[in-house]
Amino acid sequence: MTGPLQATTLPETLSGLLGLNTNDPLQWFLAALIASALVGTLMLTNTALVIWAKRKITAAFTDRIAINRVGPFGLLIIVADAVRLLSKELIVPDEVDRPAYDLAPLVLASSALLGFAVIPMGNGIQIADPETGLAYVFAVASLASLGLVMAGYASNNKYSFLGSLRAVAQNLAYEIPLVLTGVSVVIFAGTLRLSEIVAAQSETLFTLGGLAIPSWYAFVNPFAFVLFMAANLAEVGRNPFDIPEAPNEIVAGYMTEYSSVYFVLLYLGEFIHVFLGAAIVTTLFLGGPAGPVLPGIVWFLIKIWAVFLFTQWTRSAVPRVRIDQLIEIGWKGMLVLSIANLVLTAVIVGVLV
Amino acid sequence: MSLEEPRDAKPEIGVTDDGLDYDALAALLGDTLLDREDHVTTEGFVVRPDDVQDALRTLKQEAGFDHCSCVTAQEYQDRYESIYHLKKYDDPTHELSVVVPTSRDDPVSQSANDVYRTADWHEREAYDLVGIEYEDHPDMRRILLPETWQGHPLGRDYDQTQPQVVTLREHANPLQEDHMADDTDTMFINVGPHHPATHGVLHLKTVLDGEQVADVEPDIGYLHRCEEQLCQQCTYRHQIMPYPDRWDYTANLINEWSYARAAETLADIDVPEYAQVLRTMSAELSRMAGHFLALGTFALDVYGEFTAIFQYAFRDREIAQDILEDLTGQRMMHNYFRLGGVVWDLPNPREEFFEKTRDFLDDLPAKLDEYHDMITSNEIFQVRCVNTGVLEPDVAKEYGATGPVARGSGIDYDLRRDDPYGYYPELDWDVVTEDGCDNYARVLVRMQEVEESAKIVEQCLDLLEDWPEDERTLQSNVPRTIKPEPDTEIYSAIENAKGELGIYIRSDGTDKPARFKIRSPSFSNLQALPEMSNGEYVADLIATLGSLDIILGEVDR
Amino acid sequence: MIGILKGMATTMKHALDGETFTVEYPDTAPDVSPRFRGVHKFSQERCIWCRQCENVCPNDTIQIVTDEQRNGEQYNLHIGQCIYCRLCEEVCPVDAILLTQNFEFTADTKDELAYNKEQLKNVPWYKDIDPLESREPDRGAWIGEGEGEIDYQ
């Protein structure tokens, strides 16, 4: 089954533009490299913007002004902060478990970036479109847990250790409902290929006063959407599920012993992860890059920023749950709900189709 | 040691219609009683150092003195003395001091720890600062000063100039020796002294079993500033008053009242009515500021560091502080009270002040609704706070808990009403209690107390507005130097934002106190923390600590 | 769930109404109340070297040096040690020492915060406000003098 809107991937487009031969592995590799660099840069720029946006958003929720000194709207704080963070001394504590300690930030940051390889961002920006796109995204996103464990265990710090244990327990508990809810979308769309899932959402669900409501799965199955959003909050570690960090309890969790560049990588990785989560939500439930007037990539960015904004919003008002409650919600609540959702979807789709 | 000692059916011995019948109490103690002393507000019963437990137990079980408010230790020329200030939770005006003299050569006295659990820390402090040792004490160590400290700073022979060597042993790497032992599954972890959740410099030595707290021991003293000794070196008339502001530095102004009340009772100074109203109003504004802070920081502990509640609470605290700044000239370190009154009248133009304060009070209900929307009605918050950090009333009394902590455990104890001072008896307000005994109840108590305080301020404003202009006396006539009679002793307390803040003063005939002892509510409240959090999760330990609302400046003094 | 939504609605309301309660210090000079107590100002012309301020100071912040005829030679005040209780101003019979509303002071070392009488004299008013007008010190408790024109220049 091939989706009607399945476009060529970005490397293919680039090869066409640069006159590269897609059958030559070396040239194909070059095209893929350029494409990855473009997408990677886009996402990293996006994440850098978080340094500024996060403070502004938090300030808005808390009635403050926040950064406005450096550059227009304080935007140049991004540069200033980057320089500041990178120029700090890299303190490696005694008896840390190297190279796990050094690799952890890389694993965390890269695992999230890898996920973007298969996300369709509109306007043909998609590096690869494998048959098993969704499975791939979930797989690489889960690699982050490995990074967290490495960071926590290698740091030789009890707070880090506690944090990484919490992270593992949490990711285990929430990955399953997350994937199961994702699978319910797969049942609807009948494919794991992300471009086809997006394409399947472009049909009109119903028309409301002349306004065509597309059949985004958030509208088709709002229950699954809410479930997915909640599981996603846990997956990326945001309130009310930010207990792997929980600064008030375990200082900064797995990040406690990291400084300078390593800290930047962890911090960055965390936010790329939030954006990857947002991208998955967008692709699965919000119609991907689809939207009127503006080009697809703009809609895509708007949607992932909206999801990011939502995570900040919950941070401002939702308390953090306790670890035992978190596990309970995960295993006894969400898992059951997601299985119910899956079975229900399967039955409905089975009956209708 | 049992925490729930059976209370005798008739704890009314020695109670008459007009206060305590000390003769009956003396008869109760019988031969244990050596002598009786006159203190300003009560009597001191002198008992032998090896009779302490018997005497205290009799008084607790048969005469109903269930609140050991404070233990004061001091050194005289010929003896050491520990004073147990006993009270009743039912009626704190029923006071009794049990005085235990010990010889200078061998200052050993029986510990009261078996009778009053709260004596544990108080006696450790007495040992630390004065040098009295307590027999049968479970844990006779220094509490405020480092273990390696030489000498006892409040003792008479102490050489202030003696160099102190605090070895680097104290700063040894805490990771070194606490690797998991082979035969145990627990993990030792230091929460603090520098930790985001300790609101200051508190160190909790915590033993974790997985995520659960197996044992926690607060280690205090990081913010010890010798406040008692400072006050002993200052004159009664003016110099002591700036210091109380620095004890509980979130609700500052009320603390001044504790010293004012003690010194005014000691030196028999009247306070004009008008000044009392001003005092009452400013103290309640200050209490509101303190409770807002408590609410905000508690939200930080439960919600995480990005919560908006913290900022909203600070915004409201700011307004209260602004009003206090208009009145007293400082935002926190007010130094507004003087013996015999207050230093300033309301700022001119008075109307502006009334308007500003009224605006604040008028906006308050809406803001409190907002807080309730964000805090108390939030389901996750309820799940987190209900039935966590449980402090049963019996245990609370054992530990001498007071203030919102006690009232959250259903103990109806508020010195503003029970041991009236200021203008409180004339005003219409209620003491808030909640029966939940948990973190949630303590938050509720604080939020409702803000409402009650607002009621008090409102009434005070009305009074001040209508006060005839020629009767606005701010200070009574107080001599420039105050020299109370030698050897007068007083212990008196007020209700500050955290609970019972008591001051013990002994005069020696000079213009400076010979012994100045501060009974801080946070000190006693914090002592109950292990009882409340053992067996709970780490997250609840942090939440419980937050809901106790301790201020380290007050704990360590 | 309703409670969580109510909480989120509240913060969103605050985010959308655009109100802020913080100010852009130092661009916006904060308003301090007329009674605010900041760094001291000292007038040698008025001082009668009676040493009352030195005596009343709770933590020995003020140091006065006089010669044998009790003529003042030095007036030192450590503004980093001061606890700003205003007792020196209150006790002064001639308003020679008073606390301006100036709360901004910096120094590289602690020693630089020990001001001598010249430095104390040059402490600027905050927003040109003379705080003495707004404070009504109750001199009855101290001494019945000190009325009249005051010239700090």
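Every chain is numbered from 1, with letters handed out A, B, ... down the list of sequences.
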Q) Is chain B contacted by the side chain of C:Leu5, its backbone, both, or neither, given a heavy-atom distance below 4.5 Å? A) neither
Q: List the steps, then state whether side-chain contact (heavy atoms from CB on, under 4.5 Å) holds for B:Arg315 with C:Glu19.
A: CA-CA 12 Å; B:Arg315 172 200 64 197; C:Glu19 277 173 28; over 6 Å; no
Q.
To the closest 0.5 Å, what do you measure between CG (B:Asn335) and CD1 (C:Ile83)?
A. 7.0 Å
Q. Can you say whether B:Tyr336 sits under 4.5 Å from chain C via the side chain, the backbone, both, or neither, judging by heavy atoms?
A. neither
Q: Verify, without hydrogens or angle tests, whether C:Arg37 (side chain) and B:Thr328 (backbone) share a donor-acceptor contact under 3.5 angstrom.
A: yes
Q. What pair of heavy atoms forms the shortest contact from C:Arg86 to B:Val343, and how long is it?
A. NH2-CG2, 3.6 Å
Q. Which value, rounded to the nearest 0.5 Å, describes the distance between C:Thr11 atom OG1 and B:Gln311 atom CD?
A. 13.0 Å
Q: Of all the heavy-atom pairs spanning B:Gln239 and C:Cys57, show the shortest one and how long it is.
A: NE2-O, 3.4 Å
Q | Interface residue of largest heavy-atom contact number with chain C, from B:His334, B:Gln382, B:Gln233, under 4.5 Å | A | B:His334
Q: With a 4.5 angstrom heavy-atom cut-off, could you sort out which part of B:Phe381 is near chain C: side chain, backbone, both or neither?
A: neither
Q) Are the side chain of B:Gln330 and the backbone N or O of C:Cys85 linked by a donor-acceptor pair below 3.5 Å? A) no
Q: Counting only heavy atoms closer than 4.5 Å, note whether C:Phe103 contacts chain B via side chain, backbone, both or neither.
A: neither
**Q.** Portion of C:Asp60 that has a non-hydrogen atom of chain B nearer than 4.5 angstrom
**A.** neither
Q.
Can you tell me how far apart SG (B:Cys234) and CG (C:Asn59) are? Round to the nearest 0.5 Å.
A. 8.0 Å
Q: Output yes when B:Arg338 and C:Glu90 qualify as a salt bridge under the 4.0 Å nitrogen-oxygen rule, no when they do not.
A: yes
Q. Backbone N or O of C:Phe36 within a donor-acceptor pair of the B:Glu325 side chain at under 3.5 Å?
A. no
Q.
Using only atom types and a distance under 3.5 Å, with no angle test, would you say the side chain of C:Arg35 pairs donor to acceptor with the backbone of B:Leu327?
A. yes
Q: Could you give me the CA-CA distance, side-chain angles and deciding distance for C:Ile2 and B:Glu379, then say whether side-chain contact (heavy atoms from CB on, under 4.5 Å) is met?
A: CA-CA 8 Å; C:Ile2 302 294; B:Glu379 286 86 356; 4.3 Å; yes
Q) Among residues 351-376 of chain B, which ones touch chain C with a heavy-atom distance under 4.5 Å? A) B:Glu370, B:Asp373, B:Met374
Q. Which value, rounded to the nearest 0.5 Å, describes the distance between B:His238 atom NE2 and C:Cys88 atom SG?
A. 12.0 Å
Q | Interatomic spacing from CD1 in B:Ile319 to CZ in C:Phe21 - rounded to 0.5 Å | A | 9.0 Å
